[in-house]
Structure formats: C-alpha cells, structure tokens
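Computed over heavy atoms, backbone and side chain alike; hydrogens, waters and symmetry mates excluded. Note that this is a predicted model, so its numbers are computed, not measured.
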Amino acid sequence: MNDTQGGTSAKLPGSHQPGSLLLQPMWDLILSQEQWIRSPFYPVLFSFSVYVAFCVPYLILDCLAPWVPVLKRCQIQQRTNTSLGMMVHCLAYTVYSHLVFIFPATVAYWYWRPVTLPNGAPQLHRLLMDVISCLLLFDFQSFIWHLVHHKIPWLYKNFHKMHHKYTSTFALATQYSGAWETLSLGIFAGVTPIVLGCHPMTEMVFFIVNIYLSVEDHSGYDLPWSSHKLVPFGLCGGPGHHDLHHQKFNYNYAPYFTHWDKLFNTLAKQPSK
C-alpha cells in the first residue's frame, strides 16, 4: 500500500549495479526528492494524483463524445452519457475514501515499515519483468477476491454491491467502492511488490501501470491504443472485458488478463459492433 516500500533495502554506498545505467538518471532524480518520498503524506498524495491524472483525459472524452461522432463510436455503451453530477459524486467519494480509509492505513504502514531507498537503480530488464510479475500476481489476487464476493450473496451485498452502482462504466467510477474493497485491493497492490522482492523504482512503476489499467478498464472507451489491442493473443481483456462485467455481473472477474476467466469458464466477450 505504501508506494515506495515494497522490496526496499538499506542504501547501497558503492557503485551502481551493472545494467542499471539506463535508469540511473531517473532514479537519481527520484532520490533528490527522498525527503518528500519518506513523508507519511506521500503515498496517499501519489496515489490520488496519479489516479486523477489518468481520469482527466477520459473525462474530457465524456464531455466531447455526445458532440463528436468519432469519439461516440469509441464508446462501448453508446446509448449512455456520463453526467457532470455522476462525475462530481464519484470524485467527492474518492477524496473522502482517500482521507478516511487510505490515508490512515498508509500512515500505519509507514510507521511499521519505514522507507529506505537504495542508491542504485534496477536493471531495465529486471524492472520490466518484475512489473509484469506484479501485474500477474495482482490480477490473480483480484480475480479470487472478485469471484468470492460475487458468489457469496452476503459478501456481495455488504462489500461489493456499491461498486456496481454504475452499469455503464466511466473513469471516475474506478474507485467508487466501499472501505473493505478499497483497502483489500490496496493491500494486494502494496504486498505484491514486497513478496516479489521488487526495487522501489519497480514498485512505483507497478503502481502507475496498475492505476492506469484500472482506470482504462472503467473508462467506457475502446480506443485504438487500449491494452487488449496492444497485447497479442487475447491475453488482456481491455475496457470492453470489464465493462461487460458491469453489465452482466457474473462474468469477467479478472481485472486485466483473461486466462483465469477462461480456466473458470467465466469469460464473456463483447458482441461485435
């Protein structure tokens, strides 16, 4: 849950590791902000800022789509429009959940596991492989959590139903969920890099990619650069995959990849337009 703590180690006093030179200038820039990164306020502000930054372009599309036919054709549910009231409601709740749920949790974690940053950057190939590993592990954890909270009615009613308020997804609905769901997914995201022994820079990249994919899933738009079009062989579900889950409820439980839904026979595909 702390955006800098997974897989951290004590500072390395010597030279940089071989193969890390490509990332070292960027890591040096990050280290120049170490005092701020070590602050208990950093994780929640980092998370909220990245989330809103990824939501804004889709919110602009929501405002333009009713008037621009080419954008409307990219909308998955073309008969629906996202109102300003819906946006404000979800944004206000996101601010509330970050202040009331996420901030206290990240401060407690910061106190339990203080931030330490190594001098050397990770190797580029290791960073890429670790980010993919983190996404795969997070996807599995989220799939199991999601499946269980749909199959057990009491769990769905008390802990997950809130997230299904909007059957037509839009970016700011991404984090419209109750405290238990918000904290559960936050714990999965925070623990995953620690379990895999990731470098703090890798952890930051994972958090950014994870937030982007989550926003894309809920964006309501199937764009030319959507993840399922960039990743071959149907390995990624993309926004249509998750949008269909919000419509049909009992399919497409995995957030990003499709293999778990295929294995559990819970995969559904969007009909061709």
Following the transitive rule for hydrophobic clusters with a side-chain heavy-atom cut-off under 4.5 Å over Ile, Leu, Val, Met, Phe, Trp and Tyr, establish whether [X] and [Y] coincide in one cluster.
{"X": "I211", "Y": "I30", "result": "yes"}
{"X": "L230", "Y": "L235", "result": "no"}
{"X": "L84", "Y": "I60", "result": "no"}
{"X": "L183", "Y": "L99", "result": "yes"}
{"X": "V107", "Y": "Y111", "result": "yes"}

Measure from the side-chain N and O atoms of [X] to the backbone N and O of [Y], and report whether any donor-acceptor pair falls under 3.5 Å.
{"X": "E181", "Y": "H163", "result": "no"}
{"X": "S32", "Y": "L29", "result": "yes"}
{"X": "T258", "Y": "L267", "result": "no"}
{"X": "W110", "Y": "R38", "result": "yes"}
{"X": "S226", "Y": "H228", "result": "no"}
{"X": "T106", "Y": "F103", "result": "yes"}
{"X": "N252", "Y": "A268", "result": "yes"}

Distance (rounded to the nearest 0.5 Å) between [X] [atom1] and [Y] [atom2]:
{"X": "M26", "Y": "L31", "atom1": "CE", "atom2": "CG", "value": "12.5 Å"}
{"X": "F207", "Y": "T192", "atom1": "CZ", "atom2": "OG1", "value": "8.5 Å"}
{"X": "Y42", "Y": "E34", "atom1": "OH", "atom2": "CD", "value": "12.0 Å"}
{"X": "C236", "Y": "L213", "atom1": "SG", "atom2": "CG", "value": "7.0 Å"}
{"X": "H259", "Y": "F140", "atom1": "NE2", "atom2": "CZ", "value": "9.0 Å"}
{"X": "S219", "Y": "Y58", "atom1": "OG", "atom2": "OH", "value": "4.5 Å"}

Compare all side-chain heavy atoms of [X] with those of [Y] and state whether any distance is below 4.5 angstrom.
{"X": "L128", "Y": "H125", "value": "no"}
{"X": "I37", "Y": "F46", "value": "no"}
{"X": "L137", "Y": "F188", "value": "no"}
{"X": "M162", "Y": "S177", "value": "no"}
{"X": "Q75", "Y": "Y221", "value": "yes"}
{"X": "H218", "Y": "C90", "value": "no"}
{"X": "T202", "Y": "P193", "value": "no"}

Assess whether side-chain contact (heavy atoms from CB on, under 4.5 Å) is satisfied between D62 and N81, documenting all intermediate values.
-> CA-CA 7 Å; D62 286 332; N81 292 307; over 6 Å; no
In terms of ring plane angle, is the pair [X] and [Y] parallel, tilted or perpendicular, where the classes change at 30° and 60°?
{"X": "F159", "Y": "W180", "value": "tilted"}
{"X": "H160", "Y": "H164", "value": "perpendicular"}
{"X": "W112", "Y": "Y109", "value": "tilted"}

Within the 6.0 Å centroid threshold, strictly below: [X] and [Y]:
{"X": "H241", "Y": "H245", "value": "no"}
{"X": "Y166", "Y": "H246", "value": "no"}
{"X": "F143", "Y": "F264", "value": "yes"}
{"X": "Y253", "Y": "W145", "value": "no"}

The complete set of salt bridge (charged side-chain N to carboxylate O under 4.0 Å, His left out) pairs with one or both residues in residues 114-130, sequence neighbours excluded, reads R126-D130
Tested for side-chain hydrogen bond (donor to acceptor under 3.5 Å, both in side chains) against Y256, the lone hit among N210, D139, D217 is N210
Worked verdict on T167 versus F249 for side-chain contact (heavy atoms from CB on, under 4.5 Å) = CA-CA 9 Å; T167 55; F249 297 95; 4.2 Å; yes
Taking all atoms of both residues into account, what is the closest heavy-atom pair of [X] and [Y], and its distance?
{"X": "L117", "Y": "P200", "result": "CD2-CB, 3.9 Å"}
{"X": "P122", "Y": "L23", "result": "O-CD1, 3.3 Å"}
{"X": "L196", "Y": "C134", "result": "CD1-N, 3.7 Å"}
{"X": "D243", "Y": "G220", "result": "OD2-CA, 4.4 Å"}

With no hydrogens and no angle check, do the side chains of Q175 and S97 hold a donor and an acceptor under 3.5 Å apart?
-> no
With no hydrogens and no angle check, do the side chains of W260 and H146 hold a donor and an acceptor under 3.5 Å apart?
-> no
M129 and Q123: CA distance, side-chain angles, deciding distance, side-chain contact (heavy atoms from CB on, under 4.5 Å) verdict | CA-CA 10 Å; M129 292 301 297; Q123 298 180 356; over 6 Å; no
ring-ring contact (aromatic ring centres under 6.0 Å, His included): pairs with one or both residues in residues 69-102, sequence neighbours excluded = F48-H98, H89-Y176, Y93-Y96, Y93-Y176, Y96-F101
Taking everything shown except [X] itself, do over 12 heavy atoms lie less than 6.0 Å from its [atom1]?
{"X": "K262", "atom1": "NZ", "result": "yes"}
{"X": "Y251", "atom1": "OH", "result": "no"}
{"X": "K229", "atom1": "NZ", "result": "yes"}

Given L172 and T82, is the side-chain contact (heavy atoms from CB on, under 4.5 Å) satisfied, shown in steps?
-> CA-CA 10 Å; L172 281 174; T82 303; over 6 Å; no
Residues in side chain to side chain contact (heavy atoms under 4.5 Å, CB included) contact with T80, at least two apart in sequence or another chain | Q77, S168
